[in-house]
Amino acid sequence: MNHTPHAHPEAAHDAGHAAALGTGQTHPIGVYLKVWGYLFVLSTLSYLVDYFQVEGALRWILIVTFMLLKAGLIVAIFMHMAWERMALVYAILVPPLALGTLIYLMWIEADYTFWTRILFLGGGG
C-alpha cells in the first residue's frame, strides 16, 4: 500500500500566508502623507465655497469637483487601487460610470418629457 504523507491544509495556508507577508508590497509613508495633505487642501477649498457664499451652478460644480477629487484620491491611494491590476480597477470603476451615464440619459429624457408636456398640453395643469 502506497501511503504518502499529506501536509495539513492549514499548515500550507499558514506557510503561504507567511510567505505573502514577507514578500508583500510596501509603500513609503511619504505617499500617504502627501495624499493626506492634498485631501486637507481639497477639504479647505470645499469649506471656502461655503465661507465665501458661492451660489448657483458654480457652487455645485465646485463642491462636486472637490468631492470627486477627494474620492478619487482615497480610492487610488488608501484603498490601493493605484497598485492593482487593471482588470480589478475596471471592475470597480466601470459599474458606477455606467450608472452615472444611465442617470444622465434619464435626466435628459425627463427634461424632454417635461417640456413636451408644457408645449403640447398647455402647462399640464
Side-chain angles (χ1 to χ4, degrees):
M1 176 173 199
N2 187 4
H3 181 60
T4 57
H6 295 288
H8 195 273
E10 289 180 21
H13 174 72
D14 290 341
H17 186 64
L21 288 176
T23 61
Q25 186 178 22
T26 60
H27 308 290
I29 192 74
V31 170
Y32 296 105
L33 292 174
K34 188 185 298 185
V35 170
W36 182 84
Y38 290 148
L39 290 171
F40 181 79
V41 168
L42 288 169
S43 294
T44 301
L45 292 173
S46 183
Y47 171 76
L48 289 174
V49 169
D50 284 336
Y51 182 77
F52 289 116
Q53 299 176 356
V54 178
E55 296 295 329
L58 179 61
R59 170 191 172 85
W60 292 109
I61 289 170
L62 289 173
I63 288 174
V64 170
T65 300
F66 295 143
M67 176 195 65
L68 290 174
L69 287 172
K70 289 190 295 186
L73 281 171
I74 290 168
V75 169
I77 303 302
F78 293 115
M79 295 176 72
H80 303 279
M81 289 299 278
W83 299 285
E84 291 294 338
R85 293 179 311 179
M86 198 49 98
L88 183 60
V89 172
Y90 285 149
I92 299 296
L93 294 180
V94 169
L97 290 174
L99 284 174
T101 302
L102 292 174
I103 289 170
Y104 178 70
L105 291 173
M106 287 187 291
W107 179 18
I108 293 171
E109 179 67 21
D111 280 347
Y112 171 77
T113 303
F114 176 75
W115 289 112
T116 302
R117 287 180 180 174
I118 295 291
L119 183 64
F120 291 109
L121 299 177

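Note that the coordinates shown come from a computational prediction; the quantities given were computed from them, not determined experimentally.
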How long is the straight-line distance from CD1 of Ile103 back to CD1 of Ile108, given to the nearest 0.5 Å? 12.5 Å

Joint cluster assignment, Leu93 & Leu68, ILVMFWY side-chain distance < 4.5 Å: no

Between the CG atom in Leu73 and the NZ atom in Lys34, the distance rounded to the nearest 0.5 Å is 11.5 Å

Are Tyr38 and Ile77 in one and the same hydrophobic cluster, where Ile, Leu, Val, Met, Phe, Trp and Tyr link if side-chain heavy atoms are under 4.5 Å apart? yes

ILVMFWY cluster, Val35 and Met81 together (side-chain gap under 4.5 Å): no

Enclosure of Trp83 CH2 (heavy-atom neighbours >12, cutoff 6.0 Å): yes

In the single-linkage hydrophobic clustering (I, L, V, M, F, W, Y; side-chain heavy atoms under 4.5 Å), do Ile61 and Leu48 co-cluster? no

For Tyr47, I'd like to know if atom OH has over 12 heavy atoms of other residues, nucleotides or ligands within 6.0 Å. no

Roughly how far, to the nearest 0.5 Å, is CG of Leu102 from CD of Glu109? 13.0 Å

Rounded to the nearest 0.5 Å, what's the gap from CD1 on Ile63 to CG on Leu45? Could you check? 12.0 Å

Which of parallel (below 30°), tilted (30 to 60°) and perpendicular (above 60°) describes Tyr32 and His80? perpendicular

Starting at CD1 of Ile92, measure out to CD of Glu84 and round the result to the nearest 0.5 Å. 9.0 Å

Mind checking whether Met67 and Leu42 have side chains closer than 4.5 Å, heavy atoms only? no

Any chain of hydrophobic side-chain contacts (each under 4.5 Å) joining Leu39 to Val49? yes

Atom of Asp50, atom of Arg59 and distance for their closest heavy-atom approach: OD1-NH1, 2.7 Å

Aromatic ring pairing Phe40/Trp36, orientation class (parallel under 30°, perpendicular over 60°, tilted between): parallel

One should read off an interatomic distance between Phe114 CZ and Thr116 OG1, to the nearest 0.5 angstrom, of 10.5 Å

So which heavy atom on Pro95 is nearest to which on Ala91, and how close? CD-O, 3.3 Å

